Peer 1: 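Structure below; questions to follow.
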Amino acid sequence: MPDARAVTQLLGEWRAGDAGALERLTPLVYDELRRLARRYLGSERPDHTLQATGLVNEAFIRLAGSEVAWSDRAHFFAVAARMMRRILIDHAKARNSEKRGGGLRRTIFDDSHLAANAASVDILDVDDALQRLARFDAVKCDVLVLHYFGGLTYDETAAALGISAATVDRHLRLGKAWLSHELVP
Amino acid sequence: MSTRTVDLDPARWARVEQLFEQAAALAADERAAFLDQACADDPELRAYLVSLLDSDMAQSTLVESAIRDVLRSTVAALDETADNAGVRIGPYRIVRTIGTGGMGVVYLAERADEQFEQQVAIKVVRQRLLDPDVQKRLLSERQILANLDHPNIARLFDGGTLHDGTPYLVMEYIDGLPIDEYCDRKNLGIDARLRLFRTVLQAIHHAHQNLVVHRDIKTSNILVTADGSPKLLDFGIARLLEQGDAPAAGLTRAGAVILTPENAAPEQVTHGPITTATDTYALGILLYRLLTGRAPYEVSMSRPAEIPRIICHSEPLPPSTVVRQAPGSAAVHGAAPADELAAHRDSTPARLARRLRGDLDNIVHTAMHKEPERRYRSANEFAEDLRRHLQAHPVLARPDSWHYRTSRFLRRHTAGAAMSALLVAVLLASAVTLTIQNRRIVEERDSAMEIAAFLEDIFQEPDPGNARGANITAREILGKGAARISTELDDRPAIQATLMSTIGRVYFNLGEYDPSIAMLEEALEIRRELFGDNDPAVAANENELAASLTRKADYGRAEALLRDALAHNRRLHGEHSAQVASNKVNLAELYQATGDPQAAEANARAAVDIYAALGETQAAELAEAKSLLSRILQWQNRLDEAEVLLREAIDTVETHLGPNHPLLAYYLQNLAVLAQSNGELDAAEDLFHQAIAATRKILGEDHSLLGGSLVMLGRLLHQRGQYDAAEAALRDALRVHRKARGAAHPFVGYDMVSLGMLLSDKGEFGDAEAALRGALKIYEESLSPDHQYVASALTELGAVLTNDGRAAEARELLDRAIDIRRRDYGANHPLLAATLTVSGHNLAVLQRYAQAEPLLLDNYAVLRKQTGDDDRRAQQARRWIVELYEAWGRPRQADRFRSMLPD
């Protein structure tokens, strides 16, 4: 279990501009998210809605305890949201490559119980679109990532990115419109 | 593709943003017109914006669905509990999942080609997608295990990779119980446990000789097979120390895992170098558990910030002490009762304590030392010391001798640096700052720092939100501090005396009068020797000592000390000084206790006047003096005057000390009690609620005072017939007192008696009896078998049994109760009368009417006079008289008394 003070300290360092702090923070969050993901499965039923945000919330509470300042919390959520995105994208890529290269032998990674839904999009397409967006409007991309993968509120997003809540609102509205526009098949 | 991607340079995109925002703010039918005008020169832009606005309106949830889908899939991929029976891994076939560990899953498997019958354990990493290091660690484990060859270490047979590159290990399958369970199941005695433990040590030693540190030694990683052979498992986070490695090579990286915080060594939580001594520490904890059945520390994952503090600073109770403690008392972790744990060790708590005292205490302490250098240097040395113990040879382990490093603390703290809140509180509460100003006691500034440093070393910040936690930690700390001061500061008597009296005062505030007296007496002796009799520090000391002595009813000595102190303080500080006022307060308490109310009142009034004149700095003292005077008046039944004073005290506190000062909680409770004594029951009920709310807010949910208010409220509500509300309050009181005082404290007994009385009146005799018997047990054990409280419990129990048709059984209890009452009380005392009333009722039920009649009639008269007609017991007595006469066949007398009953 990582030292909660270490988390707080790393968050502070990262906000102060130390980009390397984020890298040091990553494994801490990974551990926690992984543990939580495992736990979620215990009571998971296929129709139960999983929220990425639920995992992130709990991860924060466990990692940082209750003594972290509010703005630190917002930053933590931001970090965790970005991490959540990476985790999910990595998994989606691995899953796809499995299916492409896989034979008939039953493997240990078996999620064949998931039915494909014709009216859905692949998370990888979402990720592609976000990356395109980041090229000409990085802030919007960030706001969307925090919103979708971290479930941050307007205020939390504002605190994490250092902008006003009204600005967040603007970015989110156009960002969402742009994204769903891009994803229409 | 068309309108999907518009050529978006920054300028164009800025325009898109601006127009989108403006258009989105308009009503739908206004947008077309707006866009026509704004994009007159750019139809492509207009079409794009329309598209975006449509998307905005559509509010699609495609993205959320995509995320949900992959999240589910990701979590499923992490599933280690899915049924994988029959799946092939290399030449093996999975039988079932054995368990999941910090890094992967472990399966029970057998050879698929049925060439051999052997069963194996296969460990597979599952989460490599999330954490690329996991795979590296497994490979490291493989290399480590390949080097180890010991009968008590699970063997590595094989390794391989799955088709997707995931590595796995094939190991010896151990079918056994975790070592602590094994020992408990077989009720192994201490000797047998030690021998088993030594085998484990030998296995660890083998690993250490191969430069391997396990780093995760715990009971679930040591399984004992049916033939009694322990096997060490799971070198999952073990680390190979290369020869010539700098210590930093053993450093755990952030995120590289402390899997089991309870077993973590201090250097693990502070990210210091990990060495073989880290394993020794975990072995020490294991031994602690095997010997006592308890954990040395409790670390909760819900408060991760506390873990380093607990592991690095708190001292566990020695094994010989903890085995005698009941669960729930200070620093005792776990819920199992002491008898049960001792039985699993083929012993009793007392015998077990004797067995563990001395050598084993010291051995465990050495292994678990906070500093790695002071632990056993190797598992072998550890095993050797145990062998010496088993063979009754002298062991190497010695009790720790604290040494107090002034320089370390002085380096950390310069004047003005922040100190812990408790330290500050102690300094303020004590006379340390005053005596520091006295140049004769403190010759250099360094001495002041020494004192502060010493105190800080002793005091760690307890959790302010948990009153009980603060009390426990403080007591442990005080005990340690007292011992250290005695032994370490003999050459600095002035400082010694200062610290002793500080600690004595703190004990007083905690209600621990015996140790308080011991400390204060010693301090006084030292000071008299150093400074003579006329010194202000001596006078202050006398004052404090007298207060403690008064609480212990040593009135003669207390009065002598106070008179002495008063004389000195008058000379030194003048009649209208805080010191003289304090003397007078203590005299007032003394006279109140010895039964001289006039002298008590005179002294209390004088103190109030002095404090009032001294102004805001003495606000708390003034409030307390008024509160004391109020109590004195209350005892004289001058209730209105008492109420005025108490309200003034409350006002003083609120004005000068704020609305969250603890004194408020106490005063509000007093006010409620006052109102009740005055017969103002509505007001009393309301005030109790106020007191309860204030206590909850100021002192917390688990403070003993809250329990006090709750039980008094409960009794009041009972008296007023609100049974359900009363029960709720009483049960809450019980919870609080159990938490605050421990399950065996007399207050808990009192609550149980109150509850029993209520349940009896509700007709729930079974539960009432259980509660009262519980109370009786508590009283007998914590007070004495012939304490007056015991008589109260016996009386109520007698009533319940009588009403439940077991009058003969009740008889013996009531006779006992009567004996106890008669010893201390005369014929007109309401408590004796109450017991005799129940006795009379009991006799009536037993049909000994002639004996019953005088008892009931006489004592009913007493009750009426002393406690009023409304009193529960009086009413009960009246009812029982009616029942007596009816059963006796004397209807006219029955009628006479029945007409007096309320309807």
Side-chain angles (χ1 to χ4, degrees), chain A residues 1-6 10 24 26-28 30-31 33-34 37-38 40-42 44 46 49-50 52 62-65 67 87-88 90-92 94-95 98 105-111 113-114 117 120-123 125-126 136-137 148-149 170 173-174 176-184, chain B residues 4 8-10 13 16-17 20-21 24 51-56 58 60 62-82 84 87-88 100 124 126-127 129-131 133 162-164 166 253-259 261 269 271 301 303-305 307-308:
Chain A
M1 178 68 194
D3 185 349
R5 287 174 306 190
L10 285 170
R24 293 195 288 284
T26 302
L28 292 175
Y30 262 165
D31 270 346
L33 289 171
R34 188 162 38 92
R38 220 182 302 143
Y40 260 74
L41 186 70
E44 229 282 87
T49 308
L50 268 184
R62 285 169 62 84
L63 273 176
E67 285 152 15
I87 292 169
L88 296 180
D90 283 350
H91 171 75
R95 178 182 61 171
E98 273 250 330
R105 231 160 71 180
R106 187 172 151 201
T107 66
I108 303 216
F109 293 103
D110 183 354
D111 41 68
H113 61 275
L114 293 171
N117 186 344
S120 62
V121 292
D122 195 306
I123 191 74
D125 293 331
V126 174
F136 60 89
D137 194 334
Y148 281 120
F149 292 94
R170 265 197 314 111
R173 188 161 179 190
L174 176 52
K176 278 174 144 180
W178 185 90
L179 191 57
S180 57
H181 170 85
E182 290 292 305
L183 292 172
V184 170
Chain B
R4 289 269 302 279
L8 287 172
D9 59 57
W13 178 241
V16 167
E17 279 186 291
F20 178 87
E21 191 180 344
S51 241
L52 287 174
L53 287 163
D54 284 342
S55 294
D56 175 58
S60 105
L62 282 178
V63 176
E64 285 92 336
S65 305
I67 292 179
R68 205 160 37 240
D69 177 51
V70 71
L71 190 56
R72 219 180 270 131
S73 161
T74 309
V75 172
L78 296 174
D79 177 14
E80 289 143 1
T81 60
N84 284 301
V87 172
R88 290 276 302 262
T100 58
V124 185
R126 297 298 305 275
Q127 301 91 298
L129 285 183
L130 289 188
D131 185 355
D133 284 340
L162 300 174
H163 75 282
D164 62 354
T166 309
R253 276 174 33 249
V257 172
I258 296 168
L259 290 182
V269 291
H271 304 297
M301 292 303 269
R303 312 192 67 150
I307 294 177

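Since the structure is predicted, the reported quantities are computational estimates derived from the model, not experimental observations.
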Peer 1: Less than 4.5 Å to any heavy atom of chain B: does that hold for the side chain of R173(A), its backbone, both, or neither?
Peer 2: both

Peer 1: For W178(A) and L52(B), work out which heavy atoms get closest and say how close.
Peer 2: CA-CD2, 3.7 Å

Peer 1: With a 4.5 angstrom heavy-atom cut-off, is it the side chain or the backbone of A24(B) that approaches chain A, or both, or neither?
Peer 2: both

Peer 1: Can you give me the closest heavy-atom contact between L62(B) and V121(A), atom names plus distance?
Peer 2: O-CG2, 3.8 Å

Peer 1: Look up atom CD in E182(A) and atom OG in S51(B), then write down how far apart they are to the nearest 0.5 Å.
Peer 2: 9.5 Å

Peer 1: For the residue pair A177(A) and S55(B), what are the closest heavy atoms and their distance?
Peer 2: O-CB, 3.4 Å

